[in-house]
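What follows is one structure encoded as structure tokens, with my remarks underneath.
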There are 2 protein chains.
Amino acid sequence: MTGKNAGKNAGKNGAVRKDAVASIIEDWARERPELDTSPLEVLARLHRTFLRYNTRLTSAIDRHGLAVAGFDVLTALRRAGAPYRLTAGQLADSGLVSSAGVTLRIDRLEKDGLIVRERDADDRRVVYSRLTDAGLAKVDEVFAEHLDNERRMLAGLSPAECRQLARLLSKLERSIEETAVPDEG
Amino acid sequence: MTGKNAGKNAGKNGAVRKDAVASIIEDWARERPELDTSPLEVLARLHRTFLRYNTRLTSAIDRHGLAVAGFDVLTALRRAGAPYRLTAGQLADSGLVSSAGVTLRIDRLEKDGLIVRERDADDRRVVYSRLTDAGLAKVDEVFAEHLDNERRMLAGLSPAECRQLARLLSKLERSIEETAVPDEG
DNA sequence: CGAAGAAACCTTAGCCCTGAAACACATACG
DNA sequence: CGTATGTGTTTCAGGGCTAAGGTTTCTTCG
């Protein structure tokens, strides 16, 4: 279902070639000219770019018999350092996912022997997830390849463009977060 | 707070405050200092920013009794112009989703009376989805509010920053697309 | 014509996510 | 010390997505 490889290098001098979002914006200008659709320039591109990134990511991780959701948990545990242990709540925060989602992710990883659950002795509500030796080996193997895969995806941007894009995305994340309604009312 | 390499983003006006991804990169530098994690500067921020965007988007659309997946189909039909009709294949391409996914989206929208399926008379394999009057009214209502919501999310960025971000995201999408392996690798 | 192959869509099986409610445990307070 | 309330995790119900395979319908060509 991937698009056919259309002609490349149509533009020069860094000119921006028309992309799918530009066409979408043109469509709206024709159909509903009274609307200001400029937010789509950023956010529709964010959406589409993420979908493409996610497709690539999923198939790369999948080759190692992992799902992105599980990989996300394994990397959070790995970068926490020895003894590679976090509570379900910490994992939920770090992955921007609900606590229900974390339970399911952990279920699957435990079934595969990559992590173990351990109850806290002091506060028996708390459940830690800890990397097993197999989980540690797996994440160290897959993460290095993951970085290589990401490097390839960024090949079309210069280092300066990457820095700029990183800065702007960070600012956008903060803007989205700060303009969220805190609660109902 | 080990202040080893942390001084990088201190100090100037418009300085970038440390965000979650910066912490993640510091973690990796401590745990696996031999890896070059610079791709995360861009792509982990892309991932997290999208997740936050998607959460906001979902709750806004949900207030109208719609799912993002369905809204996506409705807008594709709306901006195609009268008679607001596209094939399942066209909808799959436009939404970057599999044809199976489109079938499910269409099922739900048809059940809600927002679209109708129509078989092509000439080629009876083809199934069009067409907006009903209710669907047209719904999408015109929700889309305008959607744009306002997106405008709020972008409030923290200047117009110049938005233009720059749009350009860089477009370039990134193309880079990801072009570096994809055409087939099994 | 009629069978092979291609194309468009649908079905199935499997995994993933969320919000709300349930459950287990901790803590505060009268 | 025992109920009320809060916190951390799990369960449940309801969707959503994909890959792979199935069905129906064209198209091609002997």
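Here is how names work: the chains are called A, B, and so on, in the same order as the sequence lines, proteins then strands, and each is numbered from 1.
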### Message
Applying ring pair (Phe, Tyr, Trp, His ring centres under 6.0 Å), can you list everything that pairs with A:Tyr128, at least two apart in sequence or on another chain?
### Response
none
### Query
Among residues 77-92 of chain A, which contact DNA chain D at a heavy-atom distance under 4.0 Å?
A:Thr87, A:Ala88, A:Gly89
### salt bridge (charged side-chain N to carboxylate O under 4.0 Å, His left out) partners for B:Glu173, two or more places apart
A:Arg48, A:Arg52
### Message
Side chains of B:Val142 and B:Thr75, heavy atoms from C-beta outward: is any pair under 4.5 Å?
### Response
no
### Query
Do A:Arg56 and B:Thr179 touch side chain to side chain, with heavy atoms closer than 4.5 Å?
yes
### Task
On DNA chain D, check which nucleotide each of A:Tyr128 and B:Val102 is closest to and give me the residue with the more 5' one.
A:Tyr128
### Query
Is any side-chain heavy atom of B:Lys171 less than 4.5 Å from a side-chain heavy atom of A:Leu165?
no
### Query
Just wondering, do B:Val139 and B:Tyr84 contact through their side chains at under 4.5 Å, heavy atoms?
no
### Message
Judged by each residue's nearest nucleotide on DNA chain D, which is more toward the 5′ side, A:Val126 or A:Asp107?
### Response
A:Val126
Side-chain polar contacts of residues 109-116 of chain A - donor-acceptor pairs under 3.5 angstrom, sequence neighbours left out - could you list them?
from	atom 1	to	atom 2	distance (Å)
A:Glu110	OE1	A:Arg117	NH1	2.7
A:Glu110	OE2	A:Arg117	N	3.2

#### Entry: Angle by which the axis turns from one end of the helix from C:dC1-D:dG30 to C:dG30-D:dC1 to the other, five pairs per end, to 10 degrees
10°
### Message
At under 4.0 Å between heavy atoms, how does the protein contact nucleotides 12-17 of chain C? Give one character per nucleotide, 5' to 3', with B, S or -.
### Response
----SB
### Query
Mind checking what makes side-chain hydrogen bond (donor to acceptor under 3.5 Å, both in side chains) contact with A:Arg32, not counting sequence neighbours?
A:Glu34, B:Asp140
### Message
Of all nucleotides in DNA chain D that come within under 4.0 Å of a heavy atom of chain B, which is furthest toward the 5' end and which toward the 3' end?
### Response
D:dG16 to D:dC26
Under 3.5 Å, which protein N or O atoms sit close to an N or O of nucleotides 21-25 of chain C? Give each pair with its distance.
none

### Query
Are any of the side-chain nitrogens in A:Glu41 or A:Arg45 under 4.0 Å away from the carboxylate oxygens of its partner?
yes
### Task
Taking A:Thr55 for its side chain and A:Leu51 for its backbone only, find out whether a donor-acceptor pair lies under 3.5 Å.
yes
### Parallel, tilted or perpendicular: ring planes of B:Phe50 versus A:Phe50, cut at 30 and 60 degrees
parallel
### Message
Checking B:Asn54 now: which residues fulfil side-chain hydrogen bond (donor to acceptor under 3.5 Å, both in side chains) with it, not counting sequence neighbours?
### Response
none
### Query
In whole angstrom, what separates B:Leu51's CG from C:dT18's C1'?
13 Å
### Query
Heavy-atom count around A:Asp133 CG within 6.0 Å, excluding the residue itself: above 12?
no
#### Entry: Residue list, ring pair (Phe, Tyr, Trp, His ring centres under 6.0 Å) with A:Phe71, at least two apart or on another chain
A:His146
### Message
Can you list everything that forms a side-chain hydrogen bond (donor to acceptor under 3.5 Å, both in side chains) with A:Asp148? Sequence neighbours excluded, please.
### Response
A:Arg151
